[in-house]
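This chain uses plain numbering: 1 for the first residue, then up along the sequence.
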Amino acid sequence: MDSHVRRAGFTLIELLVVIAIIAILIGLLLPAVQKVREAAARMKCANNTRQVAIGLHNYHDANGMFPPGQPQGYYYSNWYGDPLVRDFDRSCWIGFILPYIEQTALGAQVQAFLVAPTTHTCFTPFAPLVIPTLTCPSDPNSPKVSSLGQGVHASYVTCLGNTPATPGGSNGANLNGMFYGRSKTKLTDVTDGTSNTLMVSELLQSPDTGAHDIRGRVWNSIHAGSEFSTIYPPNSTVGDNSMGYCVPLPKVPCGSQSVADAFALARSQHTGGVNAALGDASIRFFRDGINPQTWSWMGTRTGGEVLPNE
């Protein structure tokens, strides 16, 4: 009688086949997992956009107007000779809405500094502090804190209209959007209708790789990086003009770099478009393929354009 017991097991070939099947299944599942992850990130980003929009409206309720896009205007050729410019304050609209996006303590620090400034806003202890509500989870370069000492950057920008931020090299006052240099826009000023006018959208970050990239800067934002223009559609291949402070990436290109006619465009890492809040604080996802004329018109507050059904 044979005293040896035959044990069942896998042959090497069978094991390799099982491993190959598992690899194929993983390969099939990964795109689905990535889609679910991006859908969640896009939803989180939309929620952040809405929180910013609500914060802007709450500021309006308390003060009778929206905050200025740029309290000092944008940098221009006579910046240092302009008697209205307080050069130490290089902040933007974000500083005004901090108490309305659950950042009361930070808002108090900012106000205390502005009463007795000792340096520029970008060099203060609060400048590098990351604000989660202003960070889009889909952007691999966000949250960004400047590696060159300029403070934190934000993923969300307000709309200045459908022109450059500095047409002809001016300080960006009296533009046709809801937020611009020294703006004091009221809801009643948006005669095109708040449901037809863009208020907030997204902007992609680019690392300070060997040079400054100002897009999204919060505390040194005078170079047209904290508002967006609808001069070109979302995620356009046209590069941003940020007055020479621009580091290009494939989805974050740089265009001509001059003080005159500077602008930034709405951009995101979401598939096919950007999140945006309209003037009534409603949130929509705008496709990259939107009619450029429609997108341009949506940037103005008093243009009188009749928008087509998109």
Within residues 97-106 or reaching into it, pairs that qualify as side-chain hydrogen bond (donor to acceptor under 3.5 Å, both in side chains) - sequence neighbours excluded
none

Verify, without hydrogens or angle tests, whether T135 (side chain) and P143 (backbone) share a donor-acceptor contact under 3.5 angstrom.
no

Rounded to the nearest 0.5 Å, how far does CG of N275 lie from CG of N48?
9.5 Å

I'd like to know if the side chain of E202 and the backbone of A276 have a donor-acceptor N/O pair within less than 3.5 Å.
no

Between L187 and H57, is there a side-chain heavy-atom distance shorter than 4.5 Å?
yes

Heavy-atom side-chain contact between K144 and D208 under 4.5 Å
yes

Would you say the side-chain atoms of S236 pair up with the backbone N or O of P233, donor to acceptor, closer than 3.5 Å?
no

Determine whether the side chains of T121 and S91 contain a donor N or O and an acceptor N or O closer than 3.5 Å.
no

Going hydrophobic residue to hydrophobic residue with side-chain gaps under 4.5 angstrom, can you get from M199 over to L134?
yes

Nearest 0.5 Å please: distance from the OG atom of S195 over to the CG atom of L307.
9.0 Å

I'd like to know if the side chain of D82 and the backbone of N78 have a donor-acceptor N/O pair within less than 3.5 Å.
no

Step-by-step side-chain contact (heavy atoms from CB on, under 4.5 Å) determination, F285 to R42:
CA-CA 10 Å; F285 187 76; R42 175 175 149 183; 3.3 Å; yes

Where is the tightest heavy-atom contact between S183 and G69, given as atom of each residue plus distance?
OG-N, 3.2 Å

Do you know the tightest heavy-atom contact between I101 and T133?
O-OG1, 4.3 Å

Is M178 reachable from V52 through a run of hydrophobic residues whose side-chain heavy atoms are each under 4.5 Å from the next?
yes

Are R301 and V190 packed together at the side-chain level, in the sense that at least one heavy-atom pair is separated by less than 4.5 angstrom?
yes

Q72 and R86: CA distance, side-chain angles, deciding distance, side-chain contact (heavy atoms from CB on, under 4.5 Å) verdict:
CA-CA 7 Å; Q72 309 305 319; R86 299 190 304 167; 3.7 Å; yes

Membership question, hydrophobic clusters at under 4.5 Å side-chain separation (ILVMFWY): are W297 and I290 in the same one?
yes

Does one hydrophobic cluster hold both V218 and Y74, with members joined at side-chain heavy-atom distances below 4.5 Å?
no

Would you compute the distance between atom CD of Q150 and atom NE2 of H120 and round it to the nearest 0.5 angstrom?
9.5 Å

Can you tell me how far the CG atom of D240 sits from the CG atom of L265, to the nearest 0.5 Å?
4.5 Å

SG to SG, are C45 and C136 under 2.5 angstrom apart?
no

Testing the basics here: between L160 and S229, what is the closest heavy-atom pair and its distance to 0.1 Å?
CD1-CB, 4.0 Å

Please report the closest heavy-atom contact between G169 and Y76, naming both atoms and the distance.
O-CB, 3.1 Å

Sequence neighbours excluded and cut-off under 3.5 Å, please list the side-chain donor-acceptor pairs for residues 92-99, or say none.
from: W93; atom 1: NE1; to: T158; atom 2: OG1; distance (Å): 3.2
from: W93; atom 1: NE1; to: S226; atom 2: O; distance (Å): 3.0
from: W93; atom 1: NE1; to: E227; atom 2: OE2; distance (Å): 3.4

May I ask you to decide if M243's main-chain N or O and N241's side chain share a donor-acceptor pair within less than 3.5 Å?
yes

Determine the interplanar angle of the Y232 and F263 rings, folded into 0 to 90°, and report it as parallel if under 30°, tilted if 30 to 60°, perpendicular if over 60°.
tilted

Does P207 reach the side chain of V247, with side-chain heavy atoms less than 4.5 Å apart?
no

Would you say the side chain of W219 lies within less than 4.5 Å of the side chain of V110, judging by non-hydrogen atoms?
yes

Side chains of L198 and W295: closer than 4.5 Å at any heavy-atom pair?
yes

Spatial distance of atom OH (Y156) from atom CG (L56) [nearest 0.5 Å]:
13.5 Å

Give the minimum heavy-atom separation between T191 and T188, together with the two atoms involved.
CG2-O, 3.9 Å

Please find the pair of heavy atoms, one from V274 and one from P234, that lie closest to each other, and give the distance.
CG2-CB, 3.8 Å

If you apply the rule salt bridge (charged side-chain N to carboxylate O under 4.0 Å, His left out), what do you find for D139 with R215, and how did you get there?
CA-CA 13 Å; D139 186 350; R215 289 172 286 188; over 6 Å; no

With no hydrogens and no angle check, is any side-chain donor or acceptor of S296 less than 3.5 Å from a backbone partner on P292?
no

Are D288 and K251 within salt-bridge range, i.e. N to O under 4.0 Å?
no

Worked verdict on I214 versus N220 for side-chain contact (heavy atoms from CB on, under 4.5 Å):
CA-CA 8 Å; I214 57 83; N220 188 3; over 6 Å; no

Verify whether one side chain among D87 and W79 offers a donor that lies under 3.5 Å from an acceptor in the other.
yes

With D261, which residues qualify under side-chain hydrogen bond (donor to acceptor under 3.5 Å, both in side chains), at least two apart?
none

Determine yes or no for a side-chain-to-main-chain donor-acceptor pair under 3.5 angstrom, with S206 supplying the side chain and L249 the backbone.
no

First locate atom NZ of K44, then atom CG of N47, and finally report the distance between them rounded to the nearest 0.5 Å.
5.5 Å

State whether a side-chain donor-acceptor pair under 3.5 Å links N176 with T300.
no

Test item: Y80 and V85 side chains (from C-beta on) under 4.5 Å apart, heavy atoms:
no

Is any side-chain heavy atom of H223 less than 4.5 Å from a side-chain heavy atom of H212?
no

Using a 3.5 Å distance criterion without hydrogens, assess whether the side chain of S242 forms a donor-acceptor pair with backbone atoms of G244.
no

Does the side-chain contact (heavy atoms from CB on, under 4.5 Å) test come out yes or no for R267 and L203, once each step is laid out?
CA-CA 5 Å; R267 304 184 188 279; L203 177 146; 5.8 Å; no

Would a single hydrophobic cluster contain both L106 and V130, if residues Ile, Leu, Val, Met, Phe, Trp and Tyr are joined by side-chain heavy-atom contacts under 4.5 Å?
yes

So does K184 pair up with D189, basic N to acidic O under 4.0 Å?
no

